[in-house]
Amino acid sequence: QFVLKGSVRWGDGQIRLSLALLRLPEQEIVWAEQIDAPQENVFSVQDQIVGTVAGRLAIQVDEAKLRAARGRKPEDLQAYDCWLRGMACLKRGTLEGDQEAREFFQQALRIDPAYPRAYSGLSLSHFNEWSCQAWHLWEESGPSAFDYASKAVELDDTDAMAHSVLGRVCRFRRQHRQADHHAARALALNPSDAHVLIQVAVTKLFGCQFEESLQLAHKAGDLNPLHGPWYAGIMGWSLFMLRRYAEARQHLSMAGEAIVELPAYRAACAVVAGEPDQARLEYETFLGEYRNKIAFGRQPDPEEPLSWAVQVEPFRSLEASRLMPDILRDGGIAEIDVERVLKSRSHLSVRPAEIYQPEGNAFVRAGELWSLSYRGKGALLVEVKGFHDIARLLSQPGESVHCLELSGAAPSADTPQDVLSARVSPPSRGAATGDRTGRSRQ
């Protein structure tokens, strides 16, 4: 389906290659590049071309398979199709997208119980919630991200994606040696997969290998022109840590708010550039992102957002963790006791969802989450089907609701009423009960 065309010119010890990868039969240009190199490096250039073409082909083939998979019924999908559909859901960066992705990955495992990519996808879905979307699930999502990634590597130690995901998870668990091992293994197995490279770039970033992180993120972006804005965010973040602030600002601006902390880094860049008013505007954007995405609408304490960023970013070096908040504090943009926050970096003292307490008693849907509040305590929960049942029961206090109604099927005259086995032990005091007519009670 593809053909590689090109021309070669040489002179004065230099070689120039003009290359184009075309999709047939339309002759559509998928990738084009001009490469100049000394003649003695011709073999390394050949390896570079092979790697680039392989990476571009992988992206193009995956996109073609994804388009075909979207046109088929879920029951007709193969395991790899499910993986592609699930990864497309993850790219939405929402809790609903994560949940939908998990359904595709679970379907892949029903097709092939030993399919490692499905476990890698499940790990990423929980990692998203753990590291940036659902702080109230911190204790559950962190171990799930690690366990699923470990399972993927256990099933196939030659899967670069599995190692790249496990390396990133290990970095956020501050298991730095393990993170380094899996990142190196992923690159050795497949240095031309954009999805692998960007995962490893994140691992390198927080491992304080900033130059490597920048190079990997650039390569991933070149291989995958359809990448999301967070690729630019990783490039900008790496440039910031290299203290190349003007370049960092350009990339961070292209990334927008793809990552919650990025506006804080743009604010620090503005401080360095001597633009305090712009720095304050960027920091206000960061506060809004924190308030909406992390604190779920609650007004945070002054030091809380920046303290959260310092604590959650798993930089291997304390000096790296200190760079951005020091700039913002010294520039008069933010209040923070950096030393105190760094001393508590091993655990999160800021846990936004735990201190979110809506007023009154309620059980209502709030966008992608359900808000639960009772007697001054509150929680935000990721949606599951049973929450709709609970909401319905709460809306009809004192009324009996048949269990078949909750399952979506109305009871008929032929529905047997005695549906519980006599061998079932009676429920303990205070447990939710169903009577012997199959009806649910509040």
Side-chain angles (χ1 to χ4, degrees), residues 55 87 90-91 93 98 120-133 141-142 145-146 148-150 152-153 159-224 227-242 248 251-252 254-262 264-265 308-317 320-321 323-324 345:
M87 291 299 290
L90 289 182
K91 290 178 182 178
D98 292 342
S120 296
L122 287 169
S123 174
L124 283 174
S125 72
H126 287 283
F127 182 89
N128 287 352
E129 293 179 354
W130 178 43
S131 62
C132 57
Q133 289 178 14
S141 296
F146 177 75
Y148 282 125
S150 299
V153 170
D159 188 337
M161 175 58 75
H163 281 284
S164 70
V165 172
L166 183 54
R168 185 179 174 188
V169 171
C170 285
R171 186 71 80 204
F172 271 77
R173 288 165 62 95
R174 293 182 168 84
Q175 297 172 333
H176 295 296
R177 289 185 180 180
Q178 295 94 319
D180 291 342
H181 165 75
H182 292 293
R185 177 75 170 149
L187 291 178
L189 288 166
N190 192 342
S192 301
D193 185 315
H195 301 308
V196 169
L197 294 180
I198 196 63
Q199 296 290 338
V200 176
V202 175
T203 304
K204 296 284 187 179
L205 169 65
F206 291 118
C208 298
Q209 298 163 292
F210 306 125
E211 193 64 52
E212 292 179 56
S213 172
L214 178 61
Q215 292 175 3
L216 290 170
H218 271 302
K219 185 176 180 181
D222 290 341
L223 290 173
N224 182 11
H227 63 76
W230 73 286
Y231 276 47
I234 301 304
M235 296 177 202
W237 209 332
S238 301
L239 287 163
F240 182 93
M241 302 310 298
L242 289 167
H251 285 81
L252 292 170
M254 288 189 289
E257 284 70 65
I259 304 171
V260 171
E261 302 101 297
L262 295 188
Y265 282 87
W308 164 84
V310 172
Q311 289 184 323
V312 78
E313 294 169 0
F315 283 112
R316 196 170 195 163
S317 162
S321 295
L323 180 58
M324 180 268 289
R345 196 178 71 135

* Could you check His218 against His251 for side chain to side chain contact (heavy atoms under 4.5 Å, CB included), going step by step and ending with a plain yes or no? => CA-CA 11 Å; His218 271 302; His251 285 81; 3.9 Å; yes
* **Separation of Lys204 NZ from Leu187 CG (nearest 0.5 Å)** => 6.0 Å
* Name of the residue among Arg177, His163, Gln199, Gln175 meeting side chain to side chain donor-acceptor pair (under 3.5 Å) with His182 -> His163
* Structure fact -> Output for pair (Ser317 OG, Phe206 CZ), nearest 0.5 Å, gives 13.0 Å
* Structure fact -> Taking every heavy atom of Leu262 against every heavy atom of Gly256, the minimum-distance pair comes out as CB-O, 4.0 Å
* Asked: Between Pro229 and Met254, what is the shortest heavy-atom contact and its length?
  -> CB-O, 4.1 Å
* From His195 atom NE2 to Leu223 atom CG, the distance as rounded to the nearest 0.5 Å -> 10.0 Å
* Structure fact -> All heavy atoms of Cys208 vs all of Ala320, minimum pair found to be SG-CB, 3.8 Å
* Which residues share a side-chain contact (heavy atoms from CB on, under 4.5 Å) with Ser150, sequence neighbours left out -> Phe146, Leu166
* To do: Can you measure from CE (Met87) to OG (Ser125) and round to the nearest 0.5 angstrom?
  => 10.5 Å
* Structure fact -> Glu261 and Val312 have their tightest heavy-atom pair at OE2-CG1, 4.1 Å
* Stepwise side chain to side chain contact (heavy atoms under 4.5 Å, CB included) test for Leu216 and Ile234 -> CA-CA 10 Å; Leu216 290 170; Ile234 301 304; over 6 Å; no
* Asked: Aromatic ring centroids of Tyr148 and Phe127 under 6.0 Å?
  -> no
* Taking atom OG of Ser164 and atom CZ of Arg185, what is their separation to the nearest 0.5 Å? -> 12.5 Å
* Asked: Can you check side chain to side chain contact (heavy atoms under 4.5 Å, CB included) on Trp308 and Val260, steps first, answer last?
  -> CA-CA 11 Å; Trp308 164 84; Val260 171; 3.8 Å; yes
* Structure fact -> By side-chain hydrogen bond (donor to acceptor under 3.5 Å, both in side chains), Tyr265 pairs with (sequence neighbours left out) Trp237, Glu313
* To do: I would like to know whether Leu239 and Leu214 meet side chain to side chain contact (heavy atoms under 4.5 Å, CB included); could you show each step before the answer?
  => CA-CA 7 Å; Leu239 287 163; Leu214 178 61; 3.6 Å; yes
* Asked: How close do Leu124 and Arg168 get, heavy atom to heavy atom, and via which atoms?
  -> CD2-NH1, 4.3 Å
* Asked: Atom CD of Gln209 and atom OG of Ser238: how far apart are they, to the nearest 0.5 Å?
  -> 11.0 Å
* Asked: Has the side chain of Ser213 got a donor or acceptor atom that lies under 3.5 Å from a matching backbone atom of Ala201?
  -> yes
* Considering all heavy atoms, the nearest Val200-Ala183 contact -> CG1-CB, 3.9 Å
* **Arg171 vs Asp180 side-chain heavy atoms within contact, under 4.5 Å** => yes
